[in-house]
Amino acid sequence: MKKNNFHSGIVMAFLLFQNFLAFSQNTFFQKYQPFNPSLPTPEEFLGYPIGDSHTRHDQVVAYLTQLAALSNRAEITEYGRTHENRKLLVLTITTPENHGNLNKIKKRHLEVIDHNTNITDYTDLPIFIHMAYNVHGNEPSGTEAALLTAYTLVASNNPQILDYLDKAIIFLDPTLNPDGRDRHTNWVNSFKGNPLVADKYDIEHNEGWPQGRTNHYWFDLNRDLLLAVQAESIARLKWFHEWYPNVITDFHEMGTNSTFFFEPKPPSASLNPVTPEENYSVLTKTFAKEFASDLDSIGSLYFTKEKYDATYPGYGSTYGDLQGSLAILFEQASSRGHLQETPTGDLSFGFTIKNQFVTSMATIKAAIKNKEMLYGYQNRFFKAAIEKAKKSKVKGYVFGDTQDQGRTREFIDLLIKHQIKIYKTVEDITTESGAFKKESSYIVPSEQPQHLMVKTIFETHKMYRDSVFYDASSWSLVNFYNMKYSPLSKTQELGKQITEKENRTEIFPIKQSNYGYLIPWDDYFAPALLYQLQENGIIVKTAKKPFEIKVNGKDKSFNRGTLLIPKSIQHHKSTQLPKILNEVCKRYQIQAFPVETGYSTKGIDLGSSNFGTIQKPKVMMLVKGGVSVYEAGEVWHLLEQRMQMPISKVPENIFYRTDLNKYNTIILVSGRYNDLNEQNRDKLKSWVSEGNTLITLRTASSWAIRKNLVQESFTTKDASTEKTKTARLNYGEAREHKGKTYIGGAIFETDLDITHPIGYGYHDRSLPMYKNNAIWMAPSKNRFSTVARYTSTPHIDGYIQDSHIEDYMVKSATILVDGIGKGRVILFADNPNFRGAWYGTNKLFLNSIFFGSIVNIP
């Protein structure tokens, strides 16, 4: 009898526990009774309790659309689409009266942030709150909490909720990354156990490659807001700069064995943070009291002031801090599925949702309670930025690239996305950095509302108060774009302001030639143009040496890499060629030049053997296994979206049966490549030796050297520099000391051989490159094969320990070329495509693809 009672007790406890998993969050929105019975709860609409399954994005959209259709408190707006055509939505929630006056409220709200106004009475002005969730697709609890929050705000008739709606305009964005979310949702729902399996080794808790964190192109959208590369980020920025909310939330998940994090964050590692001190010393601490109180009331464990710093300004939880908003980070321990074991008991999906819901509601409460403080801060923010600019010695920046108009356009486009004002120069400007011609130069004045963003994009830093960073320590985007620029010490006369519509290059129609056409390789989009010509069956050659030839009766200089399209060797009719050229050149805004002779006035003639025929790229990249998702996505996005050329993404585990004859270029991004055993490596070497090109990035380059695929080596540290005695250190300071040795991401100057095919299209040997690893390749023993190496004083921006520079960097190469038979291996120690934002070094990678076949190893 006792035994039966014992077992019955276990069964009852288990059933109660399962019931808690499914329904525990209900007890937290039931406090907001009564609810409008005509509006469906999430459970009634979905057919299951929140937390019982992971909700697909289409179901999220359908439920919020239903709420908006049934209630006059909610309106739904589509502000963009993902690459997989999923909707990006904002549900605007407030009273019917506020909805009816929303345009007037918005106008008055924007007047508050206008530095030319001085509105200090916010009595009848609702606070603007942007509730944003699930930027990482496999951190799903936020979206589920968003559904509960939406229902509570739309359906509750509780006096507290009615007061919230009267005093706030709440913008609820349930899923910032729908593509990644659905990838994760489908995985965990497919492998959900019944009964639930908490074993951390179960397949439910171990997603397959590429996992759901990233978007369609495998980008981390939480690192992309400043860089503005992906469609989701671009749409989000456009929405943000339309509304300028007072408060922004950023709901995340972290390791399963953790608890819950909310701000304040640790101090920025920057010596002089751009974010105003009031933001992190007053605002975040004020909100923290509300979060702590509400989490204390339900007994949740949490921590603050650790781990997640605010150094990088491009997170969802930091970008708004540079716009007068208060951006807040939340991190919830993740169940990574429905139920997972931890050292302190099983963690359920329902529990993770509960904390996110509680802090969602606490955010609204805190924002309304502190409305005067938030509006006062926002009202002063842009005024203070203008005053800082007036006191600054730097009055603005001049920039521009004479040769590469495509890259300059892309940089201008980035500035416009961040609402930075850019103007044409009125006259030539000469600075210590060189001359800037008025025809190709632009000015960004410091004295403008986006002064802090101007500083963020143009300033560089070498001194920090901390050596431990959560992410990158450098983000001077002007260096990302390899943009020639200079600070200005005095105010300049400004020309016409450049808008998105005017940010174009005029292309003149190409006249028919009886001999051929020349296209410079200088422009960023020249590889895209070349591929489209090849797709149209046009035979293209490239110049290996510079020359000068008459164009329209005048001598014109052309550099290495210039494309030559001889009429006589084409299969097209003579009338088709200029038509194709005009269409492609207009698309990519690159000027082509007809020539009527092959005789050059200086340098090589057009029939010289120093013009090599360019092989059409047939590119394959290995994916899956231990391959870096981010780097693979960066390559995929670059080729497909910008260069409009296909790339085959072949799983590493089927390499052994892949027909390599289909390809002339193979790319290995960072990875372990455990599936490439000796037999597969021999297959790869044999393929290269037949005249093909292998390109390796970062750890793949290290792998190629270690596996003797190439005859290159690593830089070694001189024995004389080793310390003879190891100093004793405090155990509690281990993280800080280890952090000093880590290269989290900084920018360095390299010396590029611009006579090498990998360097074609560059006019300056000095080139900024990004490094976030400790891979040190020794210069090649072949004196012609070191394409780029670090300079003797390489540090441009970001944190690095001095010993790294002295012991390794100044003795190391960053790009090498090694021969195998008739082919070649091009090794990059660093990533020229980092986060899709390194326009300045993308061409090195693209040159490796397009010009690899003309690289000979002397």
Side-chain angles (χ1 to χ4, degrees), residues 25-45 50 63-77 89-106 108-109 121-133 145-174 243 245-249 286-287 289-291 293-295 297-298 326 328 353-354 356-375:
Q25 63 271 28
N26 290 357
T27 62
F28 295 96
F29 72 72
Q30 288 302 325
K31 65 183 280 190
Y32 298 109
Q33 295 183 67
F35 291 93
N36 183 344
S38 66
L39 296 176
T41 66
E43 180 179 351
E44 289 168 343
F45 183 87
I50 290 290
Y63 180 62
L64 297 186
T65 302
Q66 179 81 326
L67 289 182
L70 296 176
S71 173
N72 57 6
R73 295 183 188 178
E75 290 185 4
I76 198 159
T77 304
L89 298 175
V90 163
L91 186 72
T92 305
I93 309 170
T94 188
T95 62
E97 293 75 22
N98 285 341
H99 273 299
N101 294 311
L102 192 55
N103 287 335
K104 290 182 179 179
I105 294 171
K106 177 184 179 183
R108 190 165 173 226
H109 173 82
D121 182 8
Y122 317 117
T123 306
D124 299 321
L125 185 59
I127 197 80
F128 281 29
I129 307 169
H130 183 209
M131 309 290 287
Y133 302 84
L147 296 180
L148 293 174
T149 303
Y151 171 72
T152 301
L153 294 171
V154 173
S156 173
N157 288 316
N158 185 285
Q160 186 179 10
I161 296 299
L162 297 178
D163 184 60
Y164 289 174
L165 298 177
D166 182 54
K167 295 178 179 177
I169 310 293
I170 300 162
F171 304 101
L172 189 143
D173 190 332
W243 293 95
N246 301 87
V247 177
I248 304 162
T249 63
T286 300
F287 273 62
K289 294 175 183 177
E290 297 293 341
F291 303 143
S293 174
D294 284 13
L295 290 172
S297 70
I298 60 172
L326 172 62
I328 306 170
I353 297 166
K354 177 185 69 172
Q356 305 281 40
F357 172 71
V358 168
T359 46
S360 292
M361 300 305 294
T363 299
I364 298 169
K365 178 173 63 174
I368 291 170
K369 183 183 293 187
N370 296 285
K371 183 182 82 167
E372 297 289 324
M373 180 176 67
L374 290 166
Y375 262 123

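In what follows, residues are counted from 1 in the order of the sequence shown. On a predicted model such as this, the values are computed, not experimentally measured, just so you know.
- The shortest non-hydrogen separation linking Ala362 to Phe291 is CB-CD2, 3.8 Å.
- How far OG1 of Thr92 is from CH2 of Trp243: 6.0 Å, rounded to the nearest 0.5 Å.
- Residues satisfying the salt bridge (Lys or Arg N to Asp or Glu O under 4.0 Å) test with Lys371, not counting sequence neighbours, are none.
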I'd like to know whether Leu64 forms a side chain to side chain contact (heavy atoms under 4.5 Å, CB included) with Leu67, so could you lay out the CA-CA distance, the side-chain angles of the two residues, the decisive distance to 0.1 Å, and finally the verdict.
CA-CA 5 Å; Leu64 297 186; Leu67 289 182; 4.3 Å; yes
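- Side-chain contact between Met131 and Ile170 is present, with at least one heavy-atom pair separated by less than 4.5 Å.
- Rounded to the nearest 0.5 Å, atoms CG (Leu153) and CG (Leu148) are 11.0 Å apart.
- Annotation for His99 and Ala74: closest pair NE2-N, 3.7 Å, computed over non-hydrogen atoms.
- Side-chain atoms of Asn158 come within 3.5 Å of backbone atoms of Gln33 as a donor-acceptor pair (strictly under, hydrogens ignored).
- Pro40 has its side chain within reach of Leu70: a pair of non-hydrogen atoms, C-beta onward, lies under 4.5 Å apart.
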Let me check something: any side-chain donor-acceptor pairs from residues 122-130 under 3.5 Å, sequence neighbours excluded? List them with distances.
| residue | atom | partner | partner atom | Å |
| --- | --- | --- | --- | --- |
| Tyr122 | OH | Ile119 | O | 3.0 |
| Thr123 | OG1 | Asp121 | OD1 | 2.4 |

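- Here the side chains of Ile161 and Met361 are in contact, with some heavy-atom distance below 4.5 Å.
- The shortest heavy-atom contact between Ala150 and Ile93 is CA-CD1, 4.2 Å.
- Thr94 is not listed as a side-chain neighbour of Ile105, based on a closest heavy-atom distance of 4.5 Å or more.
- No side-chain heavy atom of Glu97 sits less than 4.5 Å from a side-chain heavy atom of Leu165.
- In this structure, the separation between CG on Leu295 and NZ on Lys354 is 9.0 Å, given to the nearest 0.5 Å.
- Side-chain contact between Phe287 and Leu374 is present, with heavy atoms from C-beta onward closer than 4.5 Å.
- Between Ala367 and Val247, the closest heavy-atom pair is CB-CG2, 4.0 Å.
- Applying the side chain to side chain donor-acceptor pair (under 3.5 Å) test between Lys365 and each of Asn370, Asp163, Asp294 identifies Asp294 as the sole match.
- What you find for Phe35 and Thr152 is that their closest heavy atoms are CE2-CA, 4.1 Å.
- With rounding to the nearest 0.5 Å, the separation of OH in Tyr151 from CD in Gln66 is 13.0 Å.
- Looking at Ile169 and Lys106, their side chains never come closer than 4.5 Å, going by heavy atoms from C-beta outward.
- In this structure, NE2 on His109 lies 10.5 Å from CG on Leu102, to the nearest 0.5 angstrom.
- Contacts of Asp166 classified as salt bridge (Lys or Arg N to Asp or Glu O under 4.0 Å), with partners at least two apart in sequence or in another chain: none.
- Contact of the Gln356 side chain with the Tyr133 side chain is not registered, since no non-hydrogen atoms from C-beta on lie closer than 4.5 Å.
- Atom OG1 of Thr149 is separated from atom CD1 of Ile364 by 6.5 Å, given to the nearest 0.5 angstrom.
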